[in-house]
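Okay, structure first, notes after.
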Amino acid sequence: MPEREIIDADTDERFMRLALEEARGAAALDEVPIGAVVVCGGEVVARGSNRREIDADPTAHAEMIAVREAAAVLGRWRLEGCTVYVTLEPCPMCAGALHAARVDRCVYGAVDPKAGALGTLYDIASDERLNHRYEVTAGVLADESSVMLKEFFARLRARGRAPEPLEG
């Protein structure tokens, strides 16, 4: 089993800034600006951003893409020793994928009041009925994540193309 890393707030912010870069890339493609990075051994092993529109795939969330890539890069499905950084609180599907991948930790930015599954609507990471639990750190660079989402949805609404924004 990989050794657990010692993480501090500066490290969390540094990796969250990389997830924010992924989110900006998604926004440039007219995707909802959510980005994720997977870190193992202090190194980024995978990145992902939303691609639901481009791929016509309802599962193409940033976390799903990053976790799939991390498993491929590391050559294992168990992502023990890894931390996933994501700009928005994962939904039930993504929180479940983090559970299935056996990640050690998830760090997220903005809270998702409509689908958040790491403490807002559900708490998949610490549900004792499941066979794996992982640590969660919420609110890292939350304002930056939230502003990016709000600005994106405001632009879409101005063009008459967006649903109601996330409240976070």
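No experiment lies behind these values; they were computed from the predicted model shown.
Between R102 and E80 no salt bridge is recorded (no basic side-chain N to carboxylate O distance below 4.0 Å).
K114 has its side chain within reach of D112: a pair of non-hydrogen atoms, C-beta onward, lies under 4.5 Å apart. At least one side-chain heavy atom of L118 sits under 4.5 Å from a side-chain heavy atom of C106. With a 4.5 Å cut-off on side-chain heavy atoms, R157 and F152 do not count as touching. Looking at heavy atoms from C-beta onward, V67 lies in side-chain contact with L98 at the 4.5 angstrom threshold. Looking at S145 and I34, their side chains never come closer than 4.5 Å, going by heavy atoms from C-beta outward. Under the 4.5 Å side-chain criterion, counting only non-hydrogen atoms from C-beta, E89 is in contact with Y108. No side-chain heavy atom of T83 sits less than 4.5 Å from a side-chain heavy atom of V103. Annotation: side chain of I65 is not in contact with side chain of H61 (no heavy-atom distance under 4.5 Å).
Side-chain contact of H99 with D127: a donor-acceptor pair under 3.5 Å is absent, judged by distance alone.
Separating the CZ atom in R24 from the CG atom in L20 is a distance of 5.5 Å, to the nearest 0.5 Å. In this structure, OH on Y85 lies 15.0 Å from CD on E63, to the nearest 0.5 angstrom. Taking OG of S146 as the reference point, atom CE of M148 lies at 10.5 Å (rounded to 0.5 Å).
In terms of heavy atoms, P113 sits closest to T120 at CA-CG2, 3.8 Å. Across all their heavy atoms, A70 and A46 have their closest contact at N-CB, 3.4 Å. G109 and M16 get closest at one heavy-atom pair: N-CE, 3.6 Å. For the pair F15 and V37, the tightest heavy-atom approach, listed with the atom from each and the gap, is O-CG2, 3.7 Å. Closest approach of A26 and P33 over heavy atoms only: CB-CA, 4.1 Å. Closest approach of A97 to M64, counting heavy atoms only: CB-SD, 3.4 Å.
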Go through V73 and C40 one step at a time and tell me if the side chain to side chain contact (heavy atoms under 4.5 Å, CB included) criterion holds.
CA-CA 11 Å; V73 166; C40 198; over 6 Å; no
Does the pair E151 and L156 meet the rule for a side chain to side chain contact (heavy atoms under 4.5 Å, CB included), with working shown?
CA-CA 9 Å; E151 289 175 351; L156 286 185; over 6 Å; no
Between D104 and R133, is a salt bridge (charged side-chain N to carboxylate O under 4.0 Å, His left out) present by the stated rule, with each step listed?
CA-CA 8 Å; D104 284 358; R133 281 167 285 295; over 6 Å; no
Could you check V38 against E69 for side chain to side chain contact (heavy atoms under 4.5 Å, CB included), going step by step and ending with a plain yes or no?
CA-CA 9 Å; V38 179; E69 181 180 317; over 6 Å; no
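Among residues at least two apart or in separate chains, salt bridge (charged side-chain N to carboxylate O under 4.0 Å, His left out) pairs with a member in residues 25-39 are D30-R159, D30-R161.
Under the 3.5 Å distance criterion, the side-chain polar atoms of T87 are left unmatched by any main-chain donor or acceptor of A19. Side-chain atoms of D57 come within 3.5 Å of backbone atoms of T59 as a donor-acceptor pair (strictly under, hydrogens ignored).
Counting heavy-atom neighbours within 6.0 Å of D143 CG, excluding the residue itself, gives a total of 12 or less.
Criterion: ILVMFWY side-chain heavy atoms under 4.5 Å apart, direct or through other members. Under it, I124 and W77 are not part of a common hydrophobic cluster. The same ILVMFWY cluster, assembled from side-chain heavy atoms under 4.5 Å apart, contains both L18 and L141. No continuous path of ILVMFWY side-chain contacts below 4.5 Å connects M93 to L79, so the two sit in separate hydrophobic clusters. The hydrophobic cluster containing Y134 also contains V45, counting ILVMFWY residues as joined when their side-chain heavy atoms lie under 4.5 angstrom apart, directly or transitively.
Apart from L29 itself, the hydrophobic cluster it occupies contains I54, where clustering links Ile, Leu, Val, Met, Phe, Trp and Tyr at side-chain heavy-atom distances under 4.5 Å.
In this structure E144 satisfies the side chain to side chain donor-acceptor pair (under 3.5 Å) test together with R17, sequence neighbours excluded.
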